[in-house]
K.L.:
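For reference, the structure I am asking about is given below.
Protein chains get the first letters and strands the later ones, always in sequence-line order, with residue 1 at the start of each.
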2 protein chains.
Amino acid sequence: MGGGVTAIEQTEAVRPRGTRLPRRARRNQLLGAAQEVFVAQGYHAAAMDDIAERAGVSKPVLYQHFPGKLDLYLALLDQHCEALIQSVRSALASTSDNKQRVRATMDAYFAYVEDDGGAFRLVFESDLTNEPAVRERVDKVTNECAEAICDVIAEDTGLSRAESMLLASGLGGLAQVVARSWLHSDRSVPRDQAVQLLTSLAWRGIAGFPLHGIEQH
Amino acid sequence: MGGGVTAIEQTEAVRPRGTRLPRRARRNQLLGAAQEVFVAQGYHAAAMDDIAERAGVSKPVLYQHFPGKLDLYLALLDQHCEALIQSVRSALASTSDNKQRVRATMDAYFAYVEDDGGAFRLVFESDLTNEPAVRERVDKVTNECAEAICDVIAEDTGLSRAESMLLASGLGGLAQVVARSWLHSDRSVPRDQAVQLLTSLAWRGIAGFPLHGIEQH
DNA sequence: CTGCACGCCGATCTTGACCTCCACGGCTAT
DNA sequence: ATAGCCGTGGAGGTCAAGATCGGCGTGCAG
């Protein structure tokens, strides 16, 4: 009875089996295949056999490129964690107008969840958060993003570090959750409008703290 | 190599082995033990042996009360999902002053994550979201809470249903994420103050939409 | 006193997933 | 052209964890 559905939606045909690739290219291809499978099934439900088959190779080659399943997962995770952190930092540095900063950051989250192959699931919906190595990566993303936001808040409001961090986590969390829920609702509102709406919400909320409130038009 | 740490922090001594209990009491005790283990280790890392040992019984007893591991998990999940939904609904119904509604709701999330044994992890940090039954429960919580908030927003702002839902998910997500992150930071800010701060943020944000903005003092 | 029912336990089975061993085919240097 | 080498493939080992079977002790009805 317990057997769940084993058939997966194959978004792309399985690669022809037997082509020889240079090492680097093969590695990247394996990463791509692994990402598709991990995103579709999660870490635990994903079997190494699935990934190998998806890539059109046999299992030993997989193990010649990655020591184990966890390493493979971590490689992907690191990649996408770094991507989000950089994206958020860029957004915050893209302008000095704080309202535009909020907008750009919000948009960064939306762009991130819309990115290729739903890779954001590895970061935001991982089913391996009990593994310390994974937990560390995910926490790092949350913290680095929150701190980046916190720096701006602390400087422009004069709130304590702890209070600023609380607000920053809140805004980061808001962006993350709402972007996911927006995607999950099949984009029931156009992206621009959604970003605009959330920016209004967040900006009005954050702009009201001490040092602000005054300089707004 | 892959062997992770097997030793768990035992927050409470293992029950003495050999006491006979009536069926109902034993079932409740098993639920309690299971919750402790699932919270501490997550679903996958938690072994039925661990739960049995924690409860001070042998494995067959466990299977005489629950058909399988998943059923045990779902029983706990249902329980705590319903608790949060009810808590949020109560908070929203506790007053007709919208700012106090925000405050009460925010406080409900904080109270929830502070509750006994960190049961909120089962709902907010489950590592079994790929299981449809679990996904369904967790989505239900998010949706029911968002809809409850959405009802208030839609009525008091005149925004479209889709837009209101977006804001509602955002506020729910904000509360959830920030409550978790606050707990994770070892309550670096007193709970009252944190709730107050977040309420300011959320209220200023949400109060600025169409039909509001006017009637605030 | 005695048989019965209930709850409980030690020991075992089986499945499934991660991870390696022996045979094959295409490229290169002479 | 031919011999060697390197990467590939299928089949199998190992082990952990979920799920189960026969026996034991205790308390109560008759």
K.L.:
Return the set of residues passing side chain to side chain contact (heavy atoms under 4.5 Å, CB included) with A:D71 (not counting sequence neighbours), or none when no residue passes.
P.N.:
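For A:D71, the residues satisfying side chain to side chain contact (heavy atoms under 4.5 Å, CB included) (neighbours in sequence not counted) are A:P67.
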K.L.:
Whole angstrom is fine here: how far is it from CD in B:Q29 over to P in C:dC8?
P.N.:
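Atom CD in B:Q29 sits about 9 Å away from atom P in C:dC8.
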K.L.:
Just call it for B:A46: base, sugar-phosphate, or nothing, with non-hydrogen atoms closer than 4.0 Å on any strand.
P.N.:
sugar-phosphate
K.L.:
Are OP1 or OP2 of D:dT20 and a side-chain N or O of B:Y63 less than 4.0 angstrom apart?
P.N.:
no
K.L.:
What pair of heavy atoms forms the shortest contact from B:N130 to A:G42, and how long is it?
P.N.:
ND2-CA, 3.7 Å
K.L.:
Let me check the geometry of the helix from C:dC1-D:dG30 to C:dT30-D:dA1. What is the bend angle between the axes at its two ends, five pairs each, to 10°?
P.N.:
10°
K.L.:
Roughly how many Å is it from CG in A:D49 to C1' in D:dG9, rounded to a whole number?
P.N.:
13 Å
K.L.:
Checking B:R137 now: which residues fulfil side chain to side chain donor-acceptor pair (under 3.5 Å) with it, not counting sequence neighbours?
P.N.:
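Only B:D78 meet the side chain to side chain donor-acceptor pair (under 3.5 Å) criterion with B:R137.
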K.L.:
Without decimals, in angstroms, what is the distance between B:D50 CG and D:dA16 P?
P.N.:
13 Å
K.L.:
Is the shortest side-chain N to carboxylate O distance from B:R89 to B:D151 below 4.0 Å?
P.N.:
no
K.L.:
Looking only at side-chain atoms of B:S58, point me to the closest of D:dG18, C:dC9, D:dT8.
P.N.:
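Given the options D:dG18, C:dC9, D:dT8, the side chain of B:S58 is closest to C:dC9.
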K.L.:
Choose from C:dG7, C:dC8, C:dC18 the nucleotide whose nearest atom is closest to any side-chain atom of A:A47.
P.N.:
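For the A:A47 side chain, the nearest candidate turns out to be C:dC18.
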K.L.:
Separation of B:Q64 atom CD from D:dT20 atom C1', in whole Å?
P.N.:
10 Å
K.L.:
Hey, can you tell me if B:F38 and B:Y73 have their rings parallel, tilted or perpendicular (30° and 60° cut-offs)?
P.N.:
perpendicular
K.L.:
Figure out the CG/P separation between B:L62 and D:dA19, and round it to whole Å.
P.N.:
10 Å
K.L.:
When you measure from the side chain of A:K69, which nucleotide among D:dT20, C:dC19, D:dG9 comes out closest?
P.N.:
C:dC19
K.L.:
Which nucleotide sits closest to the side chain of B:L21: C:dC19, C:dC8, C:dG7?
P.N.:
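For B:L21, the side-chain atoms sit closest to C:dC8.
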K.L.:
Taking the side chain as C-beta and beyond, is there a heavy-atom pair between A:V134 and A:S126 under 4.5 Å?
P.N.:
yes
K.L.:
Angle between ring planes, B:Y112 versus B:F124, binned at 30° and 60°: parallel, tilted or perpendicular?
P.N.:
perpendicular
K.L.:
What I want to check is whether the side chains of A:R103 and A:Q100 have a donor and an acceptor closer together than 3.5 Å.
P.N.:
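The criterion, which ignores hydrogens and geometry beyond distance, is not satisfied for A:Q100 and A:R103.
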K.L.:
Does anything in residues 113-122 of chain A form a side chain to side chain donor-acceptor pair (under 3.5 Å)? List the pairs, not counting sequence neighbours.
P.N.:
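Sorted pair list: A:E114-A:R187, A:E114-A:R191, A:R121-A:E125.
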K.L.:
So which nucleotide from C:dC18, D:dG9, C:dC9 ends up closest to the side chain of A:V61?
P.N.:
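Of the candidates, D:dG9 comes closest.
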K.L.:
Could you state the CE-P distance from A:M48 to C:dC19, rounded to the nearest angstrom?
P.N.:
6 Å
K.L.:
What is the distance, to the nearest angstrom, from the OH atom on A:Y43 to the C1' atom on C:dA17?
P.N.:
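For the pair A:Y43 OH and C:dA17 C1', the rounded distance is 11 Å.
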K.L.:
Considering residues at least two apart in sequence or located in another chain, which fulfil the ring pair (Phe, Tyr, Trp, His ring centres under 6.0 Å) criterion with A:H184?
P.N.:
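Partners of A:H184 under the ring pair (Phe, Tyr, Trp, His ring centres under 6.0 Å) test: none.
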K.L.:
Protein within reach of the bases, or only the backbone? For nucleotides 21-26 of chain C, mark each nucleotide 5' to 3' as B, S or -, using heavy atoms under 4.0 Å.
P.N.:
B-----
K.L.:
Would you kindly give the CD-to-P distance between A:Q41 and C:dA17, to the nearest whole Å?
P.N.:
10 Å
